[in-house]
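So you know, we letter chains A, B, ... as the sequences are listed, proteins then strands, and number each from 1. The figures here come from the full heavy-atom set of this structure, side chains too, leaving out hydrogens, waters and symmetry mates.
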2 protein chains.
Amino acid sequence: MNILIIDDEEQMRRLLTITLEASSYAVFEAGTGKDGITQAAMQRPDAIVLDMSLPDMPGVEVLRSVRSWSSVPVIVLSVRGSEADKVMLLDAGADDYVTKPFSPQELLARLRVALRHAATKGVESPLVCLGTLEIDLAAHMVKKHGAVVKLTATEYKILSFLVRHEGRVLTYSQILREVWGNQYADSTHYVHVHVAALRRKIEDNPAEPALILTESGVGYRLQGR
Amino acid sequence: MNILIIDDEEQMRRLLTITLEASSYAVFEAGTGKDGITQAAMQRPDAIVLDMSLPDMPGVEVLRSVRSWSSVPVIVLSVRGSEADKVMLLDAGADDYVTKPFSPQELLARLRVALRHAATKGVESPLVCLGTLEIDLAAHMVKKHGAVVKLTATEYKILSFLVRHEGRVLTYSQILREVWGNQYADSTHYVHVHVAALRRKIEDNPAEPALILTESGVGYRLQGR
DNA sequence: CCTTCCTTTCAAAAAAACATGAAAACATTT
DNA sequence: AAATGTTTTCATGTTTTTTTGAAAGGAAGG
């Protein structure tokens, strides 16, 4: 889990970073609003901790800017502001509001709540569609023409590896290492057999594969759209 | 939007009701934890405001009970409690924590945040029907052909976990972690034994499972419609 | 056209994973 | 302490998947 901290005080950033890293989050830091917005776009963090007092722009502008294109959870950090401020920020899209000084434990708990929301919200699991084939990596499910296709564990591992590198050629040894482990890197035949089985299940015409293409002498490639 | 208030102080309920109704929410009230749980199940509110000091049972128990079958947003209300309390409640599934005394405006704002989260999530049905099987997560009750099926605690935990992720493949280790806890993650045979028992009770023909499907090498999947 | 190299297909053997019954251990209630 | 109900453990037979080897197909080069 990646967290972005946007705060101009060096010391506060340090404290937050240490706290978060101790809970094994990966942390990015930004010292200005502008930098914060850039990093939010570049790093795609799983949550943002945003301090309201920034040198270059009002914190709420950062919030609005991020909200215009992302629904990433944002926890706002601020010295005791007015009620109206709090309300305004929450309505502007903040997920939570923590007043300084705060306890690290509480921030962590509220962060967990925010991440929990983000996780359950993603009910629209990422569906990969390739022609008439749908692959739902989260649900561990593959459909062909809308019907569930039953894959064995090995077949699924190969397909999922190909999907994650759609369009790229994956060598035999890469596939073997990923699916069977390092010590199998030379058992090229395994790949042949299992890819053949996979094709039988997911290709319209296994004799003329349209999805899993053979790259002779090298390996296989999953046809991007 | 319907809001359920669970609070034993008449006066506080009055204040909250007036505040909420002024913002055109419909309000239900409960004065005890037990009543609160019942009403949560009956009324299906869109959010719950839960006071921690209840006469009949600890507020956290109410929270846990509701969380066992619903993901409705719960905002916890409490007099200044310890940090540890706050953290514990948030981790137990509370969506927000507001300390008394609080400003009505802030509560409303936090309520809007909670409802915003819930809105992006899918609806949950109170009663899950799968073929001839009915599962009422709120009532902890399972019926088969209309007759109540008696499940052991373990069996119910497994079934309820499957129901909450209907259609998705759940791995052995996910099931083990959920039902038995982290340190059992490798005791695959536990799952085999208990799923077999579960099938005996809920499948029409346990030899050819139609509800709980096995995904060889991976885990089990509850058949969605 | 033949040879070679690689890929695909097929099927049997081997291995792994699964289902299930029953006994032992454990917990709970009376 | 006995009775009851549940969970854990163990053993066994069954099913499914993986591995293996052999043979067939196909493209490229001589």
Presence of Tyr190(B) side-chain N/O under 4.0 Å of dT9(D) phosphate oxygens OP1/OP2: yes

Thr152(A) vs dT18(D): side-chain N/O to OP1/OP2 distance below 4.0 Å: yes

Bend angle of the helix from dC1(C)-dG30(D) to dT30(C)-dA1(D), from helix axes over five pairs at each end, nearest 10°: 30°

Please tabulate, for the side chains in residues 184-196 of chain B, all donor-acceptor contacts under 3.5 angstrom to protein atoms that are two or more places apart in sequence or on a different chain.
from	atom 1	to	atom 2	distance (Å)
Ser187(B)	OG	Tyr184(B)	O	3.2
Thr188(B)	OG1	Asp186(B)	O	3.2
His192(B)	NE2	Tyr172(B)	OH	3.2

Nearest-Å distance for atom pair NE2/P, residues His194(B) and dG5(D): 17 Å

Any residue of residues 169-183 of chain B with a heavy atom less than 4.0 Å from an atom of DNA chain C: Tyr172(B)

Residues Asp96(B) and Arg110(A) bridged, charged N to O under 4.0 Å: yes

Each nucleotide N or O in nucleotides 9-16 of chain C that has a protein N or O under 3.5 Å away: list the pair and distance.
none

N/O donor-acceptor pairs under 3.5 Å from side chains in residues 208-215 of chain A, not counting sequence neighbours:
from	atom 1	to	atom 2	distance (Å)
Thr214(A)	OG1	Arg199(A)	NH2	2.7
Glu215(A)	OE2	Arg221(A)	NE	2.9
Glu215(A)	OE2	Arg221(A)	NH2	3.4

For Leu54(B) against Gly31(B), the heavy-atom pair lying closest together: CD2-O, 4.4 Å

Given DNA chain D, 5'-ward residue of the pair Ala153(B) and Glu155(A), judged by closest heavy atom: Ala153(B)

Tell me which donor-acceptor pairs under 3.5 Å the side chains of residues 81-94 of chain B have, and how far apart each pair is, sequence neighbours excluded?
from	atom 1	to	atom 2	distance (Å)
Ser82(B)	OG	Asp85(B)	N	3.1
Glu83(B)	OE1	Ser103(A)	OG	3.1
Lys86(B)	NZ	Glu106(A)	OE1	3.1
Lys86(B)	NZ	Glu106(A)	OE2	3.4
Asp91(B)	OD1	Arg112(A)	NE	2.7
Asp91(B)	OD1	Arg112(A)	NH2	3.4
Asp91(B)	OD2	Arg112(A)	NE	3.4
Asp91(B)	OD2	Arg112(A)	NH2	2.7

